[in-house]
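What follows is a short report on a single structure.
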There are 2 protein chains.
Amino acid sequence: MSANSRLTIAAHALTWIGLYQRRGHEVATSEQIATSVNTNPVVIRRLLAKLGKAGLAGSRRGAGAGWMLARDLAAITLLDVHQAIEPGPVFALHRATPNPECVVGHGIGPAMTAVYDGVEAALRRELAKTTLEDVLRDVLQAA
Amino acid sequence: MSANSRLTIAAHALTWIGLYQRRGHEVATSEQIATSVNTNPVVIRRLLAKLGKAGLAGSRRGAGAGWMLARDLAAITLLDVHQAIEPGPVFALHRATPNPECVVGHGIGPAMTAVYDGVEAALRRELAKTTLEDVLRDVLQAA
DNA sequence: GCAGTCGTAACGACTATTGTTACGACTGAA
DNA sequence: TTCAGTCGTAACAATAGTCGTTACGACTGC
């Protein structure tokens with residue numbers, strides 16, 4: 001399937017909230033964020049719900065409700081965001097179990113799993129290098 | 001998405017061909033490989049066609065037809081295989097263009113693209129570390 | 001109260017992956 | 001020269017994941 005855009009949307013949303021708060025507002029609504037992201041507010045709420053459970057964002061309910069960051073942008077890495085949205089595996093093993101009576105069919109699963117674990121570890125190391133503060137800086141410099 | 005299993009299947013197929021050739025056979029048929037992978041021969045042929053175009057495998061047609069490796073297992077890395085099967089991106093940007101009148105909406109694309117390029121480079125470096133010879137060694141040791 | 005927003009379920013459109021059938025193209029061997 | 005075995009590829013179906021949308025109850029400041 002197509003790669004998913006959740007990390008992009010989540011980083012966008014959190015960065016937007018961070019900037020909005022720095023400009024003096026207390027909370028941001030899912031509708032405001034959705035306008036910047038150009039999507040439906042429910043998509044934003046769904047994502048922020050996960051980020052909330054992971055302790056990256058918080059919400060206030062009732063009138064004057066909205067979202068706020070739970071930590072400063074500089075204290076949130078893209079790895080934090082990535083883990084929060086429960087990523088699926090980058091590579092999958094066989095859909096149907098390969099023939100266990102064949103030497104290759106029997107041993108290929110563990111062999112590839114070891115490689116894939118290494119790949120995902122490298123991916124996490126790479127995402128951990130960038131904080132949302134870095135992202136915001138790039139965003140503002142581009143303007 | 002579901003992650004895709006093409007790299008797994010391709011590595012399995014090439015490793016199988018390599019082992020089969022070492023045991024004295026000239027070519028392997030897609031049906032034999034499919035039996036080990038536990039899938040349909042067409043799936044194997046589709047994949048091997050791409051690996052062939054990338055110069056990793058070759059086929060002989062007609063009677064007594066089948067597939068052979070174009071290089072030794074030790075000379076094929078998982079990165080070679082990965083590139084051969086034309087991988088999609090690991091992460092996607094927004095499906096709909098974000099609001100360009102918003103600072104964040106305008107700058108987030110390039111910012112995330114830079115990060116994602118770094119991630120994919122790390123992924124490629126990691127895959128380049130393992131050759132199919134390594135995979136075969138692991139497979140045989142597991143038996 | 002009530003208006004505004006969250007939280008979440010339910011559903012549909014769209015797309016990618018994988019399996020399957022089908023069939024023409026090719027070639028070694030009888 | 002024919003034929004059997006295999007490749008190469010198109011076409012289609014089943015399945016699953018993503019994303020957008022509607023709907024509605026829950027919560028709370030005014």
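Convention: sequence-line order gives letters A, B, ...; per-chain numbering from 1.
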Which of residues 62-72 of chain A sit near DNA chain D, with a heavy atom under 4.0 Å from it? Gly62(A), Ala63(A)
So, is [X] close to the [N] phosphate, meaning a side-chain N or O under 4.0 Å from OP1 or OP2?
X: Arg45(B); N: dC7(D); result: yes
X: Arg6(B); N: dT17(C); result: yes
X: Thr29(B); N: dG5(D); result: no
X: Thr39(A); N: dG20(D); result: yes
X: Ser30(B); N: dC7(D); result: yes

What is the separation between atom [atom1] on [X] and atom [atom2] on [N], rounded to the nearest whole Å?
X: His94(A); N: dG19(C); atom1: NE2; atom2: P; value: 10 Å
X: Leu93(A); N: dT18(C); atom1: CG; atom2: C1'; value: 16 Å
X: Glu26(A); N: dG29(D); atom1: CD; atom2: P; value: 12 Å
X: Leu51(A); N: dT8(C); atom1: CG; atom2: P; value: 13 Å
X: Phe91(B); N: dT18(D); atom1: CZ; atom2: P; value: 13 Å
X: Asn4(B); N: dG19(C); atom1: CG; atom2: P; value: 11 Å
X: Arg61(A); N: dA26(D); atom1: CZ; atom2: C1'; value: 5 Å
X: His25(B); N: dT6(D); atom1: NE2; atom2: P; value: 13 Å

Assess whether side-chain contact (heavy atoms from CB on, under 4.5 Å) is satisfied between Arg95(A) and Thr39(B), documenting all intermediate values. CA-CA 9 Å; Arg95(A) 177 172 292 199; Thr39(B) 186; over 6 Å; no
Please give me the minimum heavy-atom distance between [X] and [Y], naming the atom from each residue.
X: Val81(B); Y: Ala10(B); value: CG1-CB, 3.6 Å
X: Met68(B); Y: Glu26(B); value: CB-O, 3.9 Å
X: Ser36(A); Y: Pro98(B); value: O-CB, 3.4 Å

Would you list the protein and nucleotides 10-15 of chain D atom pairs, both N or O, that sit under 3.5 Å from each other?
{"residue": "dA11(D)", "atom": "N6", "partner": "Arg46(B)", "partner atom": "NH1", "Å": "3.3"}

Only one of [options] passes side chain to side chain contact (heavy atoms under 4.5 Å, CB included) with [X]; say which it is.
X: Pro87(B); options: Glu120(B), Arg124(B), His82(B); answer: His82(B)
X: Ile108(B); options: Val37(A), Ile9(A), Val135(A); answer: Val135(A)
X: Ile44(B); options: Leu47(B), Asn40(B), Leu48(B), Val42(B); answer: Leu48(B)

Ion pair Asp72(B)/Arg22(B), N-O distance below 4.0 Å: yes
Are Asp134(A) and Lys129(A) ion-paired here, with the side-chain N under 4.0 Å from a carboxylate O? no
Nearest of dC19(D), dT20(C), dT18(C) to any side-chain atom of Asn40(B)? dT20(C)
Which residue lies toward the 5' end of DNA chain D, Ala96(B) or Leu48(B), if each is placed at its nearest nucleotide? Leu48(B)
Specify the residue among Arg60(A) and Pro41(A) whose closest nucleotide of DNA chain D lies further upstream toward the 5′ end. Pro41(A)
Quick one: sort the Tyr20(A) and His25(A) rings into parallel, tilted or perpendicular, breaks at 30° and 60°. parallel
Return the orientation label for the His94(B) and His12(A) ring planes: parallel under 30°, perpendicular over 60°, tilted otherwise. perpendicular
Side-chain H-bond candidate by donor/acceptor type, Ser30(A) with Arg45(A), under 3.5 Å: yes
By a strict heavy-atom criterion of less than 4.0 Å, which residues belonging to residues 11-18 of chain A are in contact with DNA chain C? none
